[in-house]
Amino acid sequence: MIAYILGSIPSGVWVGKYFYKKDIREYGSGNMGTTNTFRVLGKKAGILVLCMDILKGYIPMIVAQHVLHVTPSLVLYTGLFAILGHVYPVFANFRGGKAVATITGVMLAYQPALTLCCMLAFLITLLLSRMVSLSSIISVLVGVAISFTTNDLTLKIVALIAASFIIIRHRTNIKRIMDGTENKVRFSWNKE
């Protein structure tokens with residue numbers, strides 16, 4: 001329950017309302033996640049929301065592992081509840097984000113090496129395609145592939161569930177990718 005409550009914190013909505021007097025769900029894609037925060041509120045807000053959303057997955061995992069000394073398989077299910085909280089947050093009428101950052105936090109606490117591989121896949125795909133949605137999908141599929149090289153059944157199950165969340169939450173993006181109309185990131189190398 002604590003993991004679900006932490007996962008339910010609507011970081012993008014709170015940062016938008018308290019610091020910018022905007023409900024980001026009324027702008028851009030209408031999503032309360034990191035990507036829409038970057039687009040609507042800018043880099044500082046985007047980085048803050050990214051960190052908060054990662055921590056929503058990371059903190060429950062660390063508490064379960066190192067404070068409560070929960071068994072490894074149950075630790076991952078704790079992370080799954082944090083992800084559920086982000087996707088269906090009690091504090092935002094059960095309309096949440098796409099869970100990429102929260103899944104990153106969960107996996108960073110459980111399997112740092114796997115997470116780094118996924119992040120590398122994300123960055124390479126982003127540089128090549130300039131599409132955050134495609135990068136998110138590719139990175140989670142890489143995570144599933146890597147999980148299946150291990151003997152950790154719970155990791156495989158949670159990786160498949162996480163991938164399902166990501167793909168389902170990105171279904172409109174997938175349609176736009178196929179239509180050639182998906183939003184692309186503009187890289188700015190200026191110091192400003």
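Computed from a predicted model, the values in this text were never measured in an experiment. The chain is numbered in sequence order, starting from 1.
Linking Ile, Leu, Val, Met, Phe, Trp and Tyr residues whenever their side-chain heavy atoms come within less than 4.5 Å leaves Ile161 and Val144 in two separate clusters. No continuous path of ILVMFWY side-chain contacts below 4.5 Å connects Ile137 to Leu126, so the two sit in separate hydrophobic clusters. A continuous path of ILVMFWY side-chain contacts below 4.5 Å connects Leu114 to Ile157, so both sit in one hydrophobic cluster. In this structure, Val132 is not a member of the same hydrophobic cluster as Leu48, with clusters built from ILVMFWY side-chain heavy atoms closer than 4.5 Å. Hydrophobic clustering places Phe19 together with Ile24 (ILVMFWY residues linked when any side-chain heavy atoms are closer than 4.5 Å, directly or through intermediates).
In terms of heavy-atom proximity, Asn183 sits nearest to Met131 at O-CG, 3.7 Å. Closest approach of Ala162 and Ile103 over heavy atoms only: CB-CD1, 3.6 Å. In plain terms, the two heavy atoms of Val106 and Met61 that are nearest each other are O-CE, 3.6 Å. Taking all atoms of both residues into account, the shortest heavy-atom contact from Ala101 to Leu50 is CB-CD1, 3.9 Å.
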Could you walk me through whether Ser133 and Ile177 pass the side chain to side chain contact (heavy atoms under 4.5 Å, CB included) check?
CA-CA 9 Å; Ser133 55; Ile177 290 167; 3.7 Å; yes
Walk me through it: do Leu160 and Phe148 pass the test side chain to side chain contact (heavy atoms under 4.5 Å, CB included)?
CA-CA 10 Å; Leu160 282 171; Phe148 273 82; 3.7 Å; yes
Apply side chain to side chain contact (heavy atoms under 4.5 Å, CB included) to residues Leu134 and His170 and explain how you reach the verdict.
CA-CA 9 Å; Leu134 181 61; His170 283 88; over 6 Å; no
Residue pair Lys22, Leu41: steps toward the side chain to side chain contact (heavy atoms under 4.5 Å, CB included) verdict
CA-CA 9 Å; Lys22 283 185 177 181; Leu41 304 177; 3.9 Å; yes
Counting only pairs under 3.5 Å, give me each side-chain donor-acceptor contact of residues 80-100, with atom names and distances, residues two or more places apart or in other chains.
| unit_1 | atom_1 | unit_2 | atom_2 | d |
| --- | --- | --- | --- | --- |
| His86 | ND1 | Lys56 | NZ | 2.8 |
| His86 | ND1 | Thr102 | OG1 | 3.4 |
| Lys98 | NZ | Asn173 | OD1 | 2.7 |

Please tabulate, for the side chains in residues 115-125, all donor-acceptor contacts under 3.5 angstrom to protein atoms that are two or more places apart in sequence or on a different chain.
| unit_1 | atom_1 | unit_2 | atom_2 | d |
| --- | --- | --- | --- | --- |
| Thr115 | OG1 | Met107 | O | 2.9 |
| Thr115 | OG1 | Leu108 | N | 3.1 |
| Thr115 | OG1 | Gln111 | O | 2.9 |
| Thr125 | OG1 | Ala121 | O | 2.7 |

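Sorted by first and then second residue, the side chain to side chain donor-acceptor pair (under 3.5 Å) pairs involving residues 134-161 (not counting sequence neighbours) are Tyr110-Asp152.
In the displayed structure, Ile2 atom CD1 is contacted under 6.0 Å by at most 12 heavy atoms of other residues, nucleotides or ligands.
The backbone N or O of Gly33 sits nowhere less than 3.5 Å from a side-chain atom of Asp53 that would complete a donor-acceptor pair. Remark: the backbone N or O of Ile62 is not paired with any side-chain donor or acceptor of His66 at under 3.5 angstrom.
Partners of Arg169 according to the salt bridge (Lys or Arg N to Asp or Glu O under 4.0 Å) rule, which considers only residues two or more places apart in sequence or in another chain, do not exist here. Applying the side-chain contact (heavy atoms from CB on, under 4.5 Å) criterion to Lys44, with sequence neighbours excluded, gives Tyr20. Residues forming a side-chain contact (heavy atoms from CB on, under 4.5 Å) with Asp23 (at least two apart in sequence, or on another chain): Val13, Lys17, Arg25, Glu26.
Tested against Phe38 for a side chain to side chain contact (heavy atoms under 4.5 Å, CB included), the candidates Ile47, Val49, Val185 yield a single pass: Ile47.
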